[in-house]
Amino acid sequence: MSSHLVDSEDSVSGTVGSSGAPGSVGVVVLDGQTLPVSDVVRLAHGTARPVPAGEAMKRVDRSWNAARELAATGRVYGRSTGVGANRNEDVPTEAAADHGLRLLRSHAGAIGEVLPAREVRAMLAVRANQLLAGGAGLRPTVVTALCEALEAGAHPVVNEFGSVGTGDIAALAQAGLALAGEHPWQGPGVAPEPQSLDNNDALALISSNALTLGQATLALDELRRLVTATQVVAALSLLAVDGSYEAYAEPVHAARPHPGSYDVAARMRELLGVPERPGPPLGRIQDPYGFRCLPQIHGPAQDAADALERVLAVEINAAAENPLICPDAGANDSPAAYHHGGFYLAQLALALDHFRLAVTQVARLSTSRLSALNEPALTRLRPFLADGEPASSGVMILEYAAGAALGDLRTYSAPASLGHAVLSRGVEEQASFASLAARQTLRACGAYRQVVGCELVAAVRALRQRDLRPDPDLPVGRAFVLADSLLNDDLADRPLTDDVKVAAGELLDQYTELWRGTV
């Protein structure tokens with residue numbers, strides 16, 4: 001099969017020129033050592049183009065030469081031997097040239113739905129950067145080809161299932177066959193010229209968790225933004241029920257200084273324009289947990305996001321290939337190949353599980369505030385924010401809808417790291433299931449949006465009914481102006497589906513930018 005292009009339903013974001021390459025984009029330098037999560041996201045979305053660093057390409061070249069020398073003179077897993085339970089089977093010298101392609105063909109068996117462009121592009125970006133760390137022993141032109149594909153807007157067809165968290169070998173084998181000209185590409189751009197891949201390239205390319213890492217970076221980026229936007233929504237809800245600011249007072253959080261909770265409380269004060277030591281409440285002495293415990297629940301989510309980002313920063317800049325090729329780490333500074341388990345993603349699986357559990361707590365708190373907005377004792381409005389018609393239901397159904405979405409989110413939060421697998425005739429008797437954790441975290445994004453979208457619709461409705469207009473010079477005031485301009489103001493009983501769609505999509509996305517001063 002030639003490296004032809006097929007239509008993709010998920011186009012790359014960003015301006016695309018007539019050549020198919022993204023236009024008016026920034027540059028991300030890949031050096032194998034310092035790539036941040038944010039730049040993986042930019043490359044995935046096509047808002048930046050990759051440039052491999054010169055020194056990093058020299059590392060790749062040295063590693064490739066060392067790997068070929070080692071494979072020609074000794075037994076190196078996957079190069080001069082089989083893989084998995086076939087690790088003890090030697091590959092005859094005369095068969096070495098074909099061994100690489102046979103390995104790619106046999107392992108390119110990923111199944112399920114074709115992945116969206118941004119997820120595959122994230123995989124390509126992570127893998128290119130990892131190769132530049134210089135431990136794979138892969139031919140340098142493969143790195144160049146991956147960067148060319150990202151710049152052009154082309155990506156291989158990759159299917160969803162094939163990894164259990166010990167290497168994304170099926171997905172990367174599909175990418176390898178695409179690079180060799182035997183598997184289709186998608187996207188608006190021109191695929192790179194076919195590569196001549198042999199026994200020194202195949203395992204070196206697929207010995208990575210690049211897809212899982214790429215998906216995890218995208219999920220972290222979106223959910224971190226959404227959790228931040230949720231604070232904006234919570235501030236609107238707080239104003240709608242005349243809530244107290246005492247729960248966000250600086251002395252409260254200085255007395256129990258968890259970093260995330262302290263930052264969240266400070267952000268709430270900034271949103272609402274209140275001092276570090278706000279005065280006592282004018283009405284009830286304290287609020288329901290949905291308002292009073294917000295820093296204590298949002299804070300752990302921020303801490304979990306920070307912990308996940310630290311793990312990702314290590315992994316996307318890691319030479320974790322098995323075996324690890326070291327050009328001058330052997331005796332007398334000779335080349336060495338180290339066989340190891342550095343591909344095992346326990347840290348990432350646990351960090352993703354922790355993050356999803358923390359995010360689910362944040363979403364659950366949003367449903368608590370939604371319930372509070374339906375209470376006349378808190379809003380001084382009719383039950384369910386209904387209009388003046390007898391027995392009107394108002395936003396009653398939003399509690400049910402949010403509860404249903406929260407149910408999905410709760411399911412996605414089940415710890416993937418509890419999974420277990422014994423594979424390849426018992427040689428690989430453990431699995432991290434980080435790949436499942438990454439997919440679940442991506443899926444959690446949609447359900448989370450729906451939950452918070454329901455709260456936002458109710459909060460804006462309550463503020464309108466009470467004729468409360470937050471100061472437009474404050475972040476919470478700008479948030480209200482945006483919502484007031486986009487959400488339907490009809491209070492009559494009617495379907496609220498479109499309202500939640502706008503709130504969960506466009507509004508939450510804009511709310512993430514409030515902190516940057518661009519909205």
Side-chain angles (χ1 to χ4, degrees), residues 219-241 243 247-248 260-261 263-272 287-306 308 355-373 398-399 401-403 405-406 408-410 412-413 441 444-460 462-463 470 474-476 478-480 482-483 486-487 499-516 519:
L220 170 61
D221 178 74
E222 183 172 357
L223 278 174
R224 187 193 281 278
R225 289 169 177 268
L226 289 173
V227 169
T228 301
T230 303
Q231 280 194 245
V232 181
V233 178
L236 291 169
S237 295
L238 182 77
L239 294 178
V241 298
Y248 316 118
S261 298
D263 289 347
V264 166
R267 203 174 297 130
M268 287 298 287
R269 295 194 303 270
E270 181 185 351
L271 266 171
L272 295 160
D287 293 324
Y289 279 10
F291 305 99
R292 185 162 32 118
C293 297
L294 187 145
Q296 290 77 15
I297 292 175
H298 279 239
Q302 178 174 308
D303 291 339
D306 292 342
L308 174 56
F355 182 48
R356 288 197 314 284
L357 287 167
V359 166
T360 300
Q361 296 268 337
V362 173
R364 197 162 63 194
L365 202 68
S366 176
T367 63
S368 297
R369 291 190 297 272
L370 176 57
S371 296
L373 290 165
L398 292 186
E399 278 193 281
L406 182 63
D408 271 22
L409 187 56
R410 193 163 49 241
Y412 297 144
S413 296
T441 310
C445 295
Y448 182 94
R449 281 181 178 274
Q450 301 306 316
V451 172
V452 182
C454 289
E455 180 192 353
L456 178 53
V457 169
V460 171
L463 289 168
L474 295 174
V476 69
R478 296 197 297 274
F480 178 79
L482 277 171
L486 292 175
L487 291 178
D499 301 62
V500 174
K501 182 178 180 179
V502 171
E506 184 177 355
L507 272 172
L508 286 185
D509 287 340
Q510 292 197 57
Y511 283 2
T512 64
E513 304 300 324
L514 277 170
W515 301 110
R516 296 191 175 99
V519 175

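Side chains included, hydrogens not; waters and symmetry mates left out as well; all remaining heavy atoms used. It should be emphasised that the depicted structure is a prediction, and the values quoted were computed from it without experimental measurement.
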Gap between atom CG of L365 and atom CG of L370 - 0.5 Å precision: 11.5 Å
Side chain Y511, main chain A479, donor-acceptor under 3.5 Å: yes
Heavy-atom pair with the smallest gap, counting every atom of A405 and V451: CB-CG2, 3.8 Å
Least distance between heavy atoms, C454 atom then L398 atom: O-CD1, 3.6 Å
Validation row: E455, S237 side chains within 4.5 angstrom (heavy atoms): yes
Residues forming a side chain to side chain donor-acceptor pair (under 3.5 Å) with D306, sequence neighbours excluded: R224
Any L474 side-chain heavy atom under 4.5 Å of L271 side chain: no
Check: D287 main-chain N/O paired with R292 side-chain donor or acceptor under 3.5 Å: yes
Taking every non-hydrogen atom, the tightest pair across A247 and P295: O-CG, 4.1 Å
T367 and E399: side chain donor to acceptor below 3.5 Å: no
Atom of L239, atom of P470 and distance for their closest heavy-atom approach: CD1-CG, 3.7 Å
Gap between atom CG of L294 and atom CZ of R369 - 0.5 Å precision: 5.5 Å
Flag side-chain contact, heavy atom, 4.5 Å: R225 against E513: yes
Test item: L508 and T512 side chains (from C-beta on) under 4.5 Å apart, heavy atoms: no
Distance (rounded to the nearest 0.5 Å) between F355 CZ and L223 CG: 4.5 Å
Y248 side chain near L238 side chain, heavy-atom distance below 4.5 Å: yes
No-hydrogen, no-angle side-chain donor-acceptor test under 3.5 Å, Q296 and S261: no
Atom pair OG/CG of S366 and L406 - distance to nearest 0.5 Å: 9.0 Å
Side-chain heavy atoms of V500 within contact of L456, under 4.5 Å: no
Beyond-backbone contact of V359 with V227, side-chain heavy atoms, under 4.5 angstrom: yes
Side-chain H-bond candidate by donor/acceptor type, R356 with T441, under 3.5 Å: yes
Exam field: side chain R449 to backbone A504, donor-acceptor pair closer than 3.5 Å: yes
Side-chain heavy-atom pair Y448, T360 within 4.5 angstrom cut-off: no
Side chain R267, main chain Q231, donor-acceptor under 3.5 Å: no
Set of salt bridge (Lys or Arg N to Asp or Glu O under 4.0 Å) partners for D303, sequence neighbours left out: none
Gap between atom CZ of R364 and atom CG of L409 - 0.5 Å precision: 10.0 Å
Euclidean distance, H298 NE2 relative to D263 CG, rounded to 0.5 Å: 13.5 Å
